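Right, one structure below, let's go through it.
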Amino acid sequence: QAQLVESGGGLVQAGGSLRLSCAASGRTSSRNGMGWFRQAPGKEREFVAFISRSASSIYYADSVKGRFTISSDNAKNMVYLQMNSLKPEDTAVYYCAARLRFGAPSIPDTYSYWGQGTQVTVSS
């Protein structure tokens with residue numbers, strides 16, 4: 001069984017920061033990378049960031065580049081998303097996902113396991 005649990009979401013003013021965490025367990029131990037996605041009301045789920053297991057490959061969506069930082073601690077089976085300079089348009093439910101087979105990091109179908117999500121709300 002696989003489990004991903006996100007935490008760290010909340011309400012923050014524009015310009016503020018939040019740090020999301022994702023705890024992985026079970027079959028996610030065979031992952032080769034982890035991704036963060038987000039979904040705003042009425043919109044499709046969109047890619048935010050990806051980190052390979054070795055952290056040798058890291059990718060960001062253009063909309064968050066320079067503001068968000070993805071990191072991981074394999075010993076603790078944790079992945080993090082540091083979000084700075086938050087904007088109202090960053091408001092969404094944020095999901096972490098585990099990739100077990102190789103594929104495009106920005107495509108949701110590439111990922112085998114998903115967390116339940118954590119709400120991030122940025123007020124103007």
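Being a predicted model, the structure only gives us computed values, none of them experimental.
In this structure, Ser63 OG and Glu46 CD are separated by 5.5 Å, a value rounded to the nearest 0.5 Å. Between the CD atom of Glu44 and the CZ atom of Arg38 there is a distance of 14.0 Å, given to the nearest 0.5 Å. In this structure, OG in Ser72 is found 7.5 Å from CD1 in Ile58, a value given to the nearest 0.5 Å. A distance of 8.5 Å separates OG of Ser52 from CG of Asn32, quoted to the nearest 0.5 Å.
Tyr94 has its side chain within reach of Met83: a pair of non-hydrogen atoms, C-beta onward, lies under 4.5 Å apart. The side-chain heavy atoms of Cys96 and Leu4, taken from C-beta on, include a pair separated by under 4.5 Å. In this structure, Arg31 and Asn77 have side chains that are in contact, with non-hydrogen atoms separated by less than 4.5 Å. Residues Pro108 and Gln39 fail the side-chain proximity criterion, which asks for heavy atoms closer than 4.5 Å. A 4.5 Å side-chain heavy-atom check between Arg53 and Asn74 finds at least one atom pair inside the cut-off. Here the side chains of Trp36 and Glu6 are in contact, with some heavy-atom distance below 4.5 Å.
For residues 71-93, the set of pairs meeting the ring-ring contact (aromatic ring centres under 6.0 Å, His included) definition, not counting sequence neighbours, is empty. Counting only residues at least two apart or in different chains, salt bridge (Lys or Arg N to Asp or Glu O under 4.0 Å) contacts with residues 66-79 comprise Arg67-Asp90. Evaluation of the disulfide (SG to SG under 2.5 Å) test over residues 24-67, restricted to residues two or more places apart or in two chains, returns none. Among pairs with a residue in residues 61-90, none fulfils disulfide (SG to SG under 2.5 Å), at least two apart in sequence or across chains.
Lys65 is linked by a side chain to side chain donor-acceptor pair (under 3.5 Å) to Asp62, counting only residues two or more places apart in sequence or in another chain. Qualifying side chain to side chain donor-acceptor pair (under 3.5 Å) partners for Gln119, counting only residues two or more places apart in sequence or in other chains: Thr121. With sequence neighbours left out, the side chain to side chain donor-acceptor pair (under 3.5 Å) criterion links Ser57 to no other residue. The salt bridge (Lys or Arg N to Asp or Glu O under 4.0 Å) check on Glu89 picks up nothing, with sequence neighbours excluded. For Ser112, there are no side chain to side chain donor-acceptor pair (under 3.5 Å) partners two or more places apart in sequence or in a different chain.
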Distance-only donor-acceptor hits, side chain of residues 14-22, under 3.5 Å, sequence neighbours excluded:
unit_1	atom_1	unit_2	atom_2	d
Ser17	OG	Asn84	OD1	2.9

Please determine whether side chain to side chain contact (heavy atoms under 4.5 Å, CB included) holds for the pair Val48 and Phe68, giving the CA-CA distance in whole Å, both sets of side-chain angles, and the decisive distance to 0.1 Å. CA-CA 9 Å; Val48 175; Phe68 291 10; 3.7 Å; yes
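Alongside Leu11, the hydrophobic cluster contains no other residue (criterion: ILVMFWY side chains under 4.5 Å). Through chains of ILVMFWY side-chain contacts below 4.5 Å, Trp114 is grouped with Phe37, Phe47, Phe50, Tyr59, Val93, Tyr95, Tyr111.
The minimum heavy-atom distance between Arg99 and Arg101, with the atom names listed, is CG-O, 3.1 Å. A pairwise comparison of heavy atoms in Ala49 and Leu81 identifies CB-CD1, 4.2 Å as the closest pair.
Remark: side-chain polar atoms of Tyr60 are paired, donor with acceptor, to backbone N or O of Ile70 under 3.5 angstrom. Within the 3.5 Å criterion, the main-chain N or O of Val122 finds a donor-acceptor partner in the side chain of Thr91.
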